[in-house]
Amino acid sequence: MYQIPRGTRDFTTEEMQKRRYLEDSLRTTFQTFGYKEIQTPMFETLELFTAKSGEGIIEEIYSFKDKGGRDLALRPELTAPVIRFYVDKLQMEAKPLKLFYFGNCFRYDRPQKGRYREFMQAGCEIIGADTPEAYAELIAMAYYLLKNVGLKDVKLNIGNLNILSSLFETLKISKDKQKQLIPLIDKSQFDEVLTLLQVFGVGKKVANEFLEILQLSDIKKITKIIEKDESAKKELAYLEKILNLLEKSFNIKNYQIKMSIVRGLDYYKGIVFEIDAPLLGAEKQLCGGGAYELVSLFGGKETPTAGFAIGFDRTILALETEKYPFPSTKIKVYVIPVNEETIDKSLEIAQNLREQGISTDIDLLRRGIGKSLKYASSINAEKAILVGPRELEQGSVTIRDMKTGEQETVKLNDIQNRVN
Ligand code: AMP
């Protein structure tokens, strides 16, 4: 017996119904916000990802040489491929470009619940707009994508990396030192951050203020602390504009300011946000994104870019945890030829119903009435049509309601009306 590769999954028909529901719902919301769908390849040149994230990324991804000796990688995320696509072919399109996508991603992660080696992301990028309203709309869309799928408990956290960078500058913390601090900030290990800041020679009072900013969610209090930092103050005022729009124009009130959102400080710039499903525990982050700079790195003419990715698989887990009643696509009609004589006509009846868009299955195993009815109820068919030779001679069939067991004789040309 062969085993499925570690960190990958097969999806049953029930799971696929849930996944299709989620995909349809997300697609509809993206479209209602004026976004258009694109697709990029599953694998790219390895260089695309090392250019963005450094050589260190090779340890975390699936990379390989093809038969022509080219260094390639299965995509670990979709922002770099989409910006490559933009730089290559879409730069002349009218701005802003609002693009969304669904795609499988591959990471050499340690598998656990909510963390897989092959997983799906639904994401988007907005290219060519950096007004507060563009960012507010982007964040609102992320929030409503998840609300519209039926999730009740989601937490929206918003930060701003320019503020963090500006604070690092004021504290004279070099890029190398930032690299040591960022993973600790990311994991909210604030005691360790304090210790390290002191090792770096930052005074206790200043270090404590820094930590306070990272943990405060009250914008007025943060403003007070950073009063003397002009550039951080400017960024904070800009953030406040976005937050006002979220509240007043998009009716989103339950968000938190979280200055400790770091993401990849290398290419994210400015506004950043995350959406969590707290019920999921350790792997609770459903969505992450913000403004970033990649276009010029990939050889294009610099233009503002922002986007986010939603973890598709975690969103399914969150819906399941909340016991969301996923809609299921049911077979409406099951046709049963009572004996071999009526098989041809039964197939014709089934085909006519299908042509009217009614989902119809038919007994293909010549199982007889009893077993066929049992099967029809196992697939939750709403109606069974029994096609018997004597009735057929009269131009009729029997339609059985699978829930009540009630049966009625129906003329052939009336079947469609009676099953719909
Ligand atoms: P990232 O590109 O790392 O910001 O990830 C965006 C989203 O994808 C995260 O918020 C997660 O919901 C999801 N995600 C990231 N890595 C994995 C993984 N290994 N398995 C499942 N989902 C993931």
Side-chain angles (χ1 to χ4, degrees), residues 4-11 15 18-19 22-23 26 30 40 42 44 48-49 52-54 56-57 59-62 73-83 100-125 138-139 141-143 145-146 149 151 153-159 161 182-183 185-187 258 260-269 271-292 294 305-322:
I4 192 168
R6 198 163 131 78
T8 66
R9 289 152 301 151
D10 296 313
F11 298 111
E15 286 163 337
K18 294 178 183 177
R19 294 176 79 81
L22 178 59
E23 191 177 328
L26 294 173
F30 275 128
T40 60
M42 292 263 195
E44 297 272 353
L48 181 76
F49 301 111
K52 178 186 147 202
S53 311
I57 187 109
E59 292 300 303
E60 297 164 30
I61 64 178
Y62 284 86
L74 297 182
R75 61 184 175 203
E77 52 92 30
L78 282 128
T79 299
V82 171
I83 297 304
F100 79 94
Y101 46 80
F102 291 88
N104 284 11
C105 299
F106 306 84
R107 292 185 193 172
Y108 202 69
D109 264 333
R110 202 159 53 84
Q112 53 186 288
K113 190 179 171 212
R115 187 166 284 280
Y116 313 100
R117 288 185 170 172
E118 181 187 24
F119 61 98
M120 184 148 142
Q121 281 190 349
C124 68
E125 317 298 335
L138 184 76
I139 299 171
M141 180 170 73
Y143 179 82
L145 278 162
L146 293 170
V149 303
L151 279 177
D153 191 11
V154 292
K155 296 266 171 300
L156 168 61
N157 295 310
I158 305 170
L161 286 178
I182 282 167
I185 296 175
D186 191 28
K187 291 190 207 100
K258 193 174 168 193
S260 63
I261 299 179
V262 282
R263 309 200 59 73
L265 199 52
D266 287 344
Y267 73 99
Y268 273 100
K269 293 271 170 338
I271 199 93
V272 278
F273 62 96
E274 291 174 350
I275 304 180
D276 295 340
L279 284 176
L280 288 186
E283 303 302 323
K284 63 176 188 235
Q285 195 190 304
L286 295 184
C287 171
Y292 58 88
L294 267 187
T305 39
F308 61 78
I310 289 179
F312 192 92
D313 308 83
R314 285 188 199 172
T315 307
I316 296 268
L317 284 175
L319 285 165
E320 286 173 344
T321 311
E322 287 191 2

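Atoms within a ligand are numbered from 1 in the order they appear, just like the ligands themselves.
- Between atom 8 (O) of ligand 1 and the options E118, Q112, R117, Q121, the minimum heavy-atom separation is to Q121.
- Given atom 13 (C) of ligand 1, the protein heavy atom at minimum distance is G311 CA, 3.6 Å.
- Cation-pi geometry between R117 and Y62 is not met at under 6.0 angstrom from the ring centre and within 45 degrees of the axis.
- Ligand-side atoms of ligand 1 in range of G114: 20 (N), 21 (C), 22 (N), range being under 4.0 angstrom from any heavy atom.
- With a 4.0 Å cut-off on non-hydrogen atoms, R314 touches ligand 1 through its side chain and not its backbone.
- Listed by number with element, the atoms of ligand 1 under 4.0 angstrom from any heavy atom of L286 are 10 (O), 12 (O).
- Nearest non-hydrogen protein atom to atom 9 (C) of ligand 1 is Q285 O, 3.8 Å.
- At least one N or O atom of R107 sits closer than 3.5 Å to an N or O atom of ligand 1.
- Ligand 1 has no nitrogen or oxygen under 3.5 angstrom from a nitrogen or oxygen of D313.
- A donor-acceptor pair shorter than 3.5 Å can be found between the side chains of N104 and E118.
- For the residue pair E125 / Y101, a side-chain donor-acceptor distance below 3.5 Å is found, with atom types taken as modelled.
- Under 4.0 Å from ligand 1, the heavy atoms of C287 that appear belong solely to its backbone.
- Counting only heavy atoms of the protein, atom 4 (O) of ligand 1 lies nearest to R263 NH2, 2.5 Å.
- Contacts with ligand 1 closer than 4.0 Å are made by side-chain heavy atoms of F119 only, the backbone lying farther away.
- The proximity of E283 to ligand 1, defined as any non-hydrogen pair under 4.0 Å, does not occur for either the backbone or the side chain.
- Proximity of a side-chain donor or acceptor of T305 to a complementary backbone N or O of Y292 within less than 3.5 Å is detected.
- Looking only at heavy atoms of the protein, atom 20 (N) of ligand 1 is closest to Y116 N, 2.9 Å.
- Proximity of L22 to L26: side-chain heavy atoms (C-beta onward) are separated by under 4.5 Å at one or more points.
- A distance-only check finds no donor-acceptor pair linking the side chain of R115 to the backbone of G7 [under 3.5 Å].
- Taking the six-membered ring for Trp and thresholds of 30 and 60 degrees, F102 and F30 have ring planes more than 60 degrees apart, a perpendicular arrangement.
- By the neighbour-count criterion of 12 heavy atoms within 6.0 Å, atom OH of Y108 is sparsely surrounded, having that number or fewer from other residues, nucleotides or ligands.
- Checked by atom type and distance alone, the side chain of E77 pairs as donor or acceptor with a backbone atom of T79 at under 3.5 Å.
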